[in-house]
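The block underneath contains the structure these notes are about, expressed in structure tokens.
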Amino acid sequence: MATIDTPAKTSARGSGQAPVRATRARRGRRGSRLWVKAVVALLLVVEIYPMVWMFLTSLKSNDDYLNNSTWSLPTTWEWGNYTEAWTTGNIGLYVQNSLLAVVPALALMLLLGTAAGFALQVMVWKGRNLTLLVFLAGMMVPPQMILLPLFTVYFQTGLSGTLWPLILTYTGTGLPLTVFMMATYYRSVPRELFEAATIDGAGILRAFWTISLPLVRNALLTVGLVQFFFIWNDLLIALTFTNNQDLRTIQVGLLNFTGDFGATQYGPLFAAICINVFGTLLIYLFLNQKVMKGLTSGALKG
């Protein structure tokens with residue numbers, strides 16, 4: 001016998017299906033969260049496990065490294081590898097040389113790059129677009145092409161045997177990217193601030209130092225940290241221009257952990273690598289939040 005589907009019956013079926021749909025939606029969300037957690041856990045294992053293995057290897061003796069499995073734990077915990085890497089391996093001297101080369105180059109790079117970005121985006125003058133293209137063209141020049149001419153220039157000017165070739169080369173090679181990034185960040189700064197400063201009688205230098213720099217401090221930190229890692233991890237330029245063992249940077253110094261007849265001292269070598277890697281990792285973890293703010297500030301119009 002046919003029955004009539006009344007609104008009451010339809011609402012009853014709908015109210016009965018609503019909890020089922022809600023339960024399915026919750027299960028779907030739980031499933032998606034589970035996949036996300038699994039992917040994050042896999043990424044953590046991929047990132048953390050090599051550092052754990054590197055740290056454990058730095059505590060092995062040379063015989064332990066050569067005769068036992070690569071994945072085995074140290075049979076004897078050789079904490080003296082770090083002392084040997086710092087003293088006998090001269091890692092302390094190499095870290096000092098790296099800082100003496102990186103810090104001045106980074107300061108010059110940020111100062112000149114920020115001033116150029118300010119001039120290219122805030123100031124109005126003829127030819128600024130062409131000048132920006134010239135800086136962008138500098139990013140396309142491979143560093144390998146300029147090493148031999150620079151080596152000749154440094155030798156003829158008497159700069160060889162000092163850290164000045166590293167400072168000047170790092171500044172010149174990192175300046176195009178710094179100018180481009182700082183010019184991009186200055187696009188997000190409201191022009192009304194500089195117009196109001198000009199009305200109040202502020203000149204170009206005052207507008208640059210007192211107004212623009214505080215507004216782009218997160219961008220300065222981000223660009224500085226990116227360039228710091230580029231320069232700190234450089235091997236080619238440092239290996240080319242450091243002809244004296246007392247001037248070697250940490251990346252070049254890692255090549256010197258050899259014993260008699262060229263045998264590699266793996267324990268002190270991995271200890272030196274741990275000093276280098278974990279030191280820079282602590283710097284990034286300490287400045288992580290400010291770097292994230294700097295990366296997003298240039299994408300938003302203030």
Result block: side-chain N/O donor-acceptor pairs under 3.5 angstrom for residues 98-123, not counting sequence neighbours:
residue: Ser98; atom: OG; partner: Tyr94; partner atom: O; Å: 3.0
residue: Ser98; atom: OG; partner: Ile250; partner atom: N; Å: 2.9
residue: Thr114; atom: OG1; partner: Leu110; partner atom: O; Å: 2.5

Enumerate, atom names and distances included, each donor-acceptor pair closer than 3.5 Å involving a side-chain atom of residues 142-154, sequence neighbours excluded.
residue: Thr152; atom: OG1; partner: Leu148; partner atom: O; Å: 3.1
residue: Tyr154; atom: OH; partner: Thr169; partner atom: OG1; Å: 2.9

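A heavy-atom distance below 4.5 Å is found between the side chains of Phe180 and Leu136. In this structure, the side chains of Tyr266 and Thr57 stay at 4.5 Å or more apart for every pair of heavy atoms. The shortest side-chain heavy-atom distance between Leu159 and Leu168 falls under the 4.5 Å cut-off. A heavy-atom distance below 4.5 Å is not found between the side chains of Phe135 and Leu177. Put simply, the side chain of Val223 reaches to within 4.5 Å of the side chain of Met182, judged on heavy atoms. For the pair Tyr82/Pro268, no side-chain contact is recorded, criterion being any heavy-atom separation below 4.5 Å from C-beta on. Looking at Thr173 and Phe230, their side chains never come closer than 4.5 Å, going by heavy atoms from C-beta outward. The side-chain heavy atoms of Leu247 and Phe241, taken from C-beta on, include no pair separated by under 4.5 Å.
In this structure, CE on Met139 lies 9.5 Å from OG1 on Thr178, to the nearest 0.5 angstrom. A distance of 13.5 Å separates NZ in Lys37 from CG in Leu44, rounded to the nearest 0.5 Å. Here the OG atom belonging to Ser72 is positioned 5.5 Å from the CG atom belonging to Asp64, to the nearest 0.5 angstrom. To the nearest 0.5 Å, atom OH of residue Tyr170 and atom CH2 of residue Trp232 are 10.5 Å apart. Separation of atoms CH2 (Trp71) and CG (Leu73) is listed at 12.5 Å; rounding is to 0.5 Å. Rounded to the nearest 0.5 Å, atoms CG (Leu93) and OG1 (Thr87) are 12.0 Å apart.
In this structure, Phe155 places its CZ atom where only 12 or fewer heavy-atom neighbours from other residues, nucleotides or ligands lie under 6.0 Å away.
Side chain of Asn244 to main chain of Asp246: a donor-acceptor pair is present (N/O by atom type, distance under 3.5 Å, no hydrogens or angles). Arg191 places a side-chain N or O within donor-acceptor distance of the main-chain N or O of Val189, the cut-off being under 3.5 Å. Counting only distance, with no hydrogens or angles, the side chain of Asn67 and the backbone of Asp63 share a donor-acceptor pair below 3.5 Å. Remark: the backbone N or O of Tyr65 is not paired with any side-chain donor or acceptor of Asn68 at under 3.5 angstrom. Under a 3.5 Å cut-off, the side chain of Arg128 and the backbone N or O of Trp125 do not form any donor-acceptor pair. Checked by atom type and distance alone, the side chain of Gln227 pairs as donor or acceptor with a backbone atom of Gly174 at under 3.5 Å.
Side chains of Thr249 and Asn97: a donor-acceptor N/O pair is absent below 3.5 angstrom, by distance only.
Across all non-hydrogen atoms, the minimal contact from Leu236 to Thr240 is O-OG1, 2.7 Å. For the pair Asn81 and Ser58, the tightest heavy-atom approach, listed with the atom from each and the gap, is ND2-O, 2.8 Å.
Listed by chain and residue number, nothing satisfies the side-chain hydrogen bond (donor to acceptor under 3.5 Å, both in side chains) test with Trp86 (two or more places apart in sequence, or in another chain).
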